[in-house]
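In what follows, chains carry the letters A, B, and so on, assigned in the order in which the sequence lines appear, proteins first and then strands, with residues in each chain numbered from 1.
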Protein chains: 2
Amino acid sequence: MSFPNPRHDHGRCVSGALKTAENKSRALGLRFTKTRRKVLEILWQSHSPLGAYDILDRLQEDGRRPAPMVVYRALDFLMEAGLAHRLSSRNAFIGCSAPDDHHEAQFLICDQCGSAAEVEARPIAKAVEETAASAGFRVQHRVVEITGICPNCQN
Amino acid sequence: MSFPNPRHDHGRCVSGALKTAENKSRALGLRFTKTRRKVLEILWQSHSPLGAYDILDRLQEDGRRPAPMVVYRALDFLMEAGLAHRLSSRNAFIGCSAPDDHHEAQFLICDQCGSAAEVEARPIAKAVEETAASAGFRVQHRVVEITGICPNCQN
DNA sequence: CACCAAAGTGTTATGATATAACAAAACATA
DNA sequence: TATGTTTTGTTATATCATAACACTTTGGTG
Ligand SMILES: [Zn+2]
Ligand SMILES: [Zn+2]
Ligand SMILES: [Zn+2]
Ligand SMILES: [Zn+2]
């Protein structure tokens, strides 16, 4: 919901996210395969967005690095399933922190530590709706990515 | 300010934009060189964002296509000068329609005809500010890009 | 004018991000 | 097990962007 304290128990973030993903996939009849799980786990290893090729680097287990397609396909799955998001302004990806409702998120991205927070910002969504409406525009997707300095980096 | 009527006098958009750019450059002591002018003119040839390589294609005059650097450098200049914007969600560029005040714009982008409108959306900016403030986040840049169907394409 | 420093351009090379296409394997289910 | 569907592996290629360096233009200074 916002920037996590640097000393939080991050292991629980990861295990919680994986557990939720598993449940959601089962509920929707989707196949949460080994690669997909591994990619989501890598995404959750930090609260910073990761580039596809960074994920690739961390994906090699037995010294053999898979082809880019592998990771892009897994990311496509995760995004379709509402388990991850893409940050256009960074060409990077991050695990969704509210996968229960299928949504389009807004992000705050720290230029200093690189971490990103997915925010529930009803007022932003509302303002966007109204602006669009007054231009006679029918909204399909929203990209809202704010960069700056996070609370943890302001000291 | 919003989506132009398809039958508007687009020649005036182009000549106005070039004239304004010239004035602004002179006022700021910047050099509005031939390449920079040409790139801005190409950007303004439509109200749709253009990829850097599309611009390159249109830049070849005597059959010789310049190297990508040429166009990226011109775009960097135009963006620094507040004469053009980059649309992250499309990897594309568009002429700024309000170059007088130096701002960060929000965009409505039509998925059907590809045209984009720069909107002055104070409420969006305000909502972003407030959301960030309540998360203790200090805002530096905003990316707000909304896709959907423009009024001209809704029939 | 002759000089110089700063800004801009041309060019080659390379880095970074993303997708196309097709064969092989795994899976679901009947 | 037979069958069609989904997922994976792999090779190749498309698309977007920057590094580095030599050369040219520009605008000021003596
Ligand atoms: Zn965490
Ligand atoms: Zn930070
Ligand atoms: Zn116009
Ligand atoms: Zn349209």
Write down the distance between CG (B/Leu56) and C1' (C/dT11), rounded to a whole number of angstrom. 13 Å
Compare all side-chain heavy atoms of A/Val39 with those of A/Val70 and state whether any distance is below 4.5 angstrom. no
Give the rounded distance in Å between these two atoms: CZ of A/Arg31 and P of C/dA25. 16 Å
Quick one: is D/dT8 close enough that its OP1 or OP2 comes under 4.0 Å of any side-chain N or O from A/Thr33? yes
For residues B/Tyr53 and B/Phe93: do they belong to one hydrophobic cluster (side chain heavy atoms under 4.5 Å, members Ile, Leu, Val, Met, Phe, Trp, Tyr)? yes
Are OP1 or OP2 of C/dA18 and a side-chain N or O of A/Arg86 less than 4.0 angstrom apart? yes
Atom-pair distance (CD on A/Glu80; C1' on D/dT6), nearest Å: 14 Å
Comparing A/Met69 and A/Arg90 on DNA chain C - which has the more 5′ nearest nucleotide: A/Arg90
Ring-on-base stacking between A/Tyr53 and C/dT17, under 5.5 Å between centres and under 30° between planes: is it there? yes
So which one's nearest nucleotide on DNA chain D is more toward 5', B/Asp54 or A/Pro66? A/Pro66
What integer distance in Å separates B/Leu75:CG from C/dG8:P? 15 Å
Beyond-backbone contact of B/Leu75 with B/Leu43, side-chain heavy atoms, under 4.5 angstrom: yes
Would you indicate, yes or no, if D/dT7 has its OP1 or OP2 atom less than 4.0 angstrom from a side-chain nitrogen or oxygen of A/Arg36? yes
Please check the phosphate of C/dA18 (OP1 and OP2 only) for any side-chain N or O of A/Tyr72 closer than 4.0 Å. yes
Between A/Leu59 (CG) and D/dT10 (P), how many Å, whole number? 13 Å
Are B/Leu40 and B/Val14 co-members of a hydrophobic cluster defined by side-chain heavy atoms under 4.5 Å apart? yes
Gap between atoms CG and C1', on B/Asp76 and D/dA19 respectively (whole Å): 13 Å
Using a distance-only criterion (donor-acceptor N/O pair, under 3.5 Å, no hydrogens), is the base of C/dG10 paired with the side chain of B/Arg73? yes
When you check the phosphate oxygens OP1 and OP2 of C/dA18, does a side-chain N or O of A/Asn91 lie under 4.0 Å from one of them? yes
Straight-line distance of A/Arg86 CZ to A/Glu145 CD, nearest 0.5 Å: 8.5 Å
